[in-house]
Amino acid sequence: MPKLKFINMASLRSHLYFFIFFASLSVPSSSTQSNSWSQKNQVALFIFGDSLFDAGNNNDINNATGRANFWPYGETFFKYPTGRFSDGRIIPDFIAEYLNLPFISPYLQPSNDQYTNGVNFASAGAGALVETYPGMVINLKTQLSYFKNVEKQLNQELGDKETKKLLSKATYLIGIGSNDYISAFATNSTLLQHSKEYVGMVIGNLTIVLKEIYRNGGRKFGVVSLGSLGCIPALRAINKQINNSGGCMEEVTVLAKSHNKALSKALEKLEKELKGFKYSYFDFYTSTNDRANNPSKYGFKEGKEACCGSGPYKGILSCGRNAAIKEYELCENPSEYLFFDSSHPTEKFNNQLAKLMWSGNPDITIPCNLKELCEA
């Protein structure tokens, strides 16, 4: 077991002003990775989703369901908290690097008013359904409305012709749905009895948004499936407390599988219905499961327990912020772990996932990877 650091919340108070000051600064530009993507192919990147993609939008929501703008989030790469639910960079940051773009700024960031490189609308806790944490997140419908606002501003700055060109060449990265199932399962014990209808609602809302982005000029979509939700540290911890089992909560994983199957079919249908609609579907489920079950194969030491948190599997989200739990455990080396906190990947894991999305084989990126999608 990797050595753990024991953190006392009171010991961090003297550093709070330091962190708050630096968290307010703009995020540094990403370093350009060495790849064959040429400057002439550069495109904008528009990001929709939840906490896996949120680069800090929830920082500016008064009663947000979750924030990560405090230590130790950001400790590995940025050296200060940015609002990303990780020790460092998240998947969209790495995809932006592959596209030779700077990090894509959150839409709600006060200084963000330049959209030619794209914009990040993702919000921690968000779902495809407006009923998922209402008033505490930017749900997918609202993310769409923000995108339409951006389109209007681009039209004013660039004109109609250049805006259409920018939007048609852009990549639209979308990953959402986990919160719809986890929140509903936590409050509705009869969800499984109506799982087919519920999955249909989630996929239906997501499909509507994809069609609207298409109607407003989008043509290239990178869509991420759900992971094995019942196997994240948070739900392993609940299963441990309820059933004295450290295994996965299969009831929730069943919902994720149903979602992924329906999402894959919906994308195939959209490609047939909408002229010029292209997509890359990333099998997040298989990639996550394989690493959780075989961590050493991918350079990790721990695939089930989180780096930061408390309780079984460190699955209680107390990483640096829970006022009711004054102390929490923080590992010394996040790169040894798959999960940084109760449900979010470490930077190393995010990096591996982004590489698969960008240049993975047809078994994991269907029918093509993001690089091929962008070049099409």
Side-chain angles (χ1 to χ4, degrees), residues 46-54 57-58 65-66 85 90-92 120-134 136-144 147 172-188 191-192 194-213 221-232 234-235 248-270 279-289 339 342-345 350 353 357 364-366:
F46 295 95
I47 301 156
F48 302 77
D50 53 30
S51 56
L52 291 179
F53 288 178
D54 186 357
N57 275 310
N58 275 30
T65 185
F85 281 81
I90 55 177
I91 291 172
N120 187 326
F121 304 106
S123 169
L129 304 178
V130 296
E131 294 85 2
T132 300
Y133 303 122
M136 295 183 286
V137 300
I138 311 169
N139 62 57
L140 188 58
K141 183 178 179 181
T142 304
Q143 292 181 33
L144 174 65
F147 168 68
Y172 299 83
L173 192 62
I174 302 173
I176 203 162
S178 298
N179 295 299
D180 294 306
Y181 299 108
I182 293 176
S183 63
F185 187 82
T187 58
N188 184 359
L191 175 59
L192 283 176
H194 309 284
S195 60
K196 185 176 181 180
E197 292 84 354
Y198 192 81
V199 169
M201 287 171 55
V202 175
I203 296 298
N205 278 26
L206 179 51
T207 301
I208 289 171
V209 169
L210 290 172
K211 286 183 175 179
E212 278 294 296
I213 295 173
F221 299 84
V223 184
V224 180
S225 79
L226 301 187
S228 183
L229 298 181
C231 297
I232 61 176
L235 292 186
C248 302
M249 189 171 281
E250 293 299 334
E251 304 96 314
V252 185
T253 299
V254 166
L255 293 171
K257 288 180 178 179
S258 297
H259 172 96
N260 293 342
K261 185 176 180 179
L263 177 58
S264 179
K265 289 182 178 179
L267 290 169
E268 290 176 5
K269 185 177 180 182
L270 287 172
Y279 73 92
S280 174
Y281 171 80
F282 176 59
D283 186 357
F284 187 86
Y285 183 96
T286 299
S287 303
T288 303
N289 249 15
F339 293 95
S342 63
S343 56
H344 303 103
N350 279 323
L353 292 169
M357 291 173 66
I364 209 79
T365 55
I366 305 164

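Predicted, not measured: the structure shown is a model, and the values here were computed from it.
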**Study point:** Candidate pair L255 and Y198, rule side chain to side chain contact (heavy atoms under 4.5 Å, CB included), full reasoning
**Key:** CA-CA 9 Å; L255 293 171; Y198 192 81; 5.8 Å; no

Exercise for review: Walk me through it: do N289 and T286 pass the test side-chain hydrogen bond (donor to acceptor under 3.5 Å, both in side chains)?
Suggested key: CA-CA 5 Å; N289 249 15; T286 299; over 6 Å; no

Point to revise | L235 and V252: CA distance, side-chain angles, deciding distance, side chain to side chain contact (heavy atoms under 4.5 Å, CB included) verdict | key: CA-CA 9 Å; L235 292 186; V252 185; 4.0 Å; yes

Check your understanding: Could you go step by step and tell me if N205 and K141 meet the side chain to side chain contact (heavy atoms under 4.5 Å, CB included) rule?
Key -> CA-CA 8 Å; N205 278 26; K141 183 178 179 181; over 6 Å; no

Check your understanding: F282 and S287: side chain to side chain contact (heavy atoms under 4.5 Å, CB included), yes or no, with the steps?
Key -> CA-CA 9 Å; F282 176 59; S287 303; 3.5 Å; yes

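At a cut-off of 3.5 Å, with distance as the only test, no side-chain donor of N179 or T132 sits close to an acceptor on the other residue.
Put simply, the side chain of E251 reaches to within 4.5 Å of the side chain of F185, judged on heavy atoms. Looking at S51 and H344, their side chains come closer than 4.5 Å, going by heavy atoms from C-beta outward. Counting only heavy atoms from C-beta outward, the side chains of L270 and T207 approach each other to under 4.5 Å. Within the 4.5 Å cutoff, the side chain of V224 has no heavy atoms near those of the I174 side chain.
Annotation: the span from F121 atom CZ to N57 atom CG amounts to 9.0 Å, rounded to 0.5 Å. A distance of 4.5 Å separates CG in L263 from CD1 in I203, rounded to the nearest 0.5 Å. Put simply, CG on D54 and OG on S123 are 5.5 Å apart, with the number rounded to the nearest 0.5 Å. To the nearest 0.5 Å, the span separating CD1 on I232 from OG1 on T288 amounts to 10.5 Å. To the nearest 0.5 Å, atom CD of residue E197 and atom CE of residue M201 are 10.0 Å apart. The structure places CG of L173 at 9.0 Å from CG of N120, a figure rounded to the nearest 0.5 Å.
The salt bridge (Lys or Arg N to Asp or Glu O under 4.0 Å) search around E250 returns none, not counting sequence neighbours. Residues passing the side-chain contact (heavy atoms from CB on, under 4.5 Å) test with S280, sequence neighbours excluded: T365, C368, L370, L373. Partners of T142 by side-chain contact (heavy atoms from CB on, under 4.5 Å), not counting sequence neighbours, listed by chain and number: I138, N139, S145, Y146. For E131, the side-chain contact (heavy atoms from CB on, under 4.5 Å) test picks out L129, with sequence neighbours left out. Considering only residues two or more places apart in sequence or on other chains, N260 meets the side-chain contact (heavy atoms from CB on, under 4.5 Å) condition with S225, L226, Y281, Y285. In this structure S178 satisfies the side chain to side chain donor-acceptor pair (under 3.5 Å) test with no other residue, sequence neighbours excluded.
Taking each heavy atom of A128 and V202 in turn, the nearest pair found is CB-O, 3.8 Å. Closest non-hydrogen pair, I90 versus L52, comes out as CB-O, 3.7 Å. Between F48 and Q143, the shortest heavy-atom contact is CA-OE1, 3.3 Å. Across all non-hydrogen atoms, the minimal contact from F221 to L210 is CD2-CD2, 3.6 Å. Scanning all heavy atoms of the two residues, the minimum distance from F53 to G175 falls at CE1-N, 3.4 Å. Scanning all heavy atoms of the two residues, the minimum distance from P92 to I47 falls at CB-CD1, 3.5 Å.
Between Y181 and H259, the gap from one ring centroid to the other is short of 6.0 Å. For F147 and Y172, the ring centers sit closer than 6.0 Å to each other.
For S343 (side chain) and A234 (main-chain N/O), no donor-acceptor pair under 3.5 Å exists by modelled atom type. Under the 3.5 Å distance criterion, the side-chain polar atoms of D50 are left unmatched by any main-chain donor or acceptor of G125.
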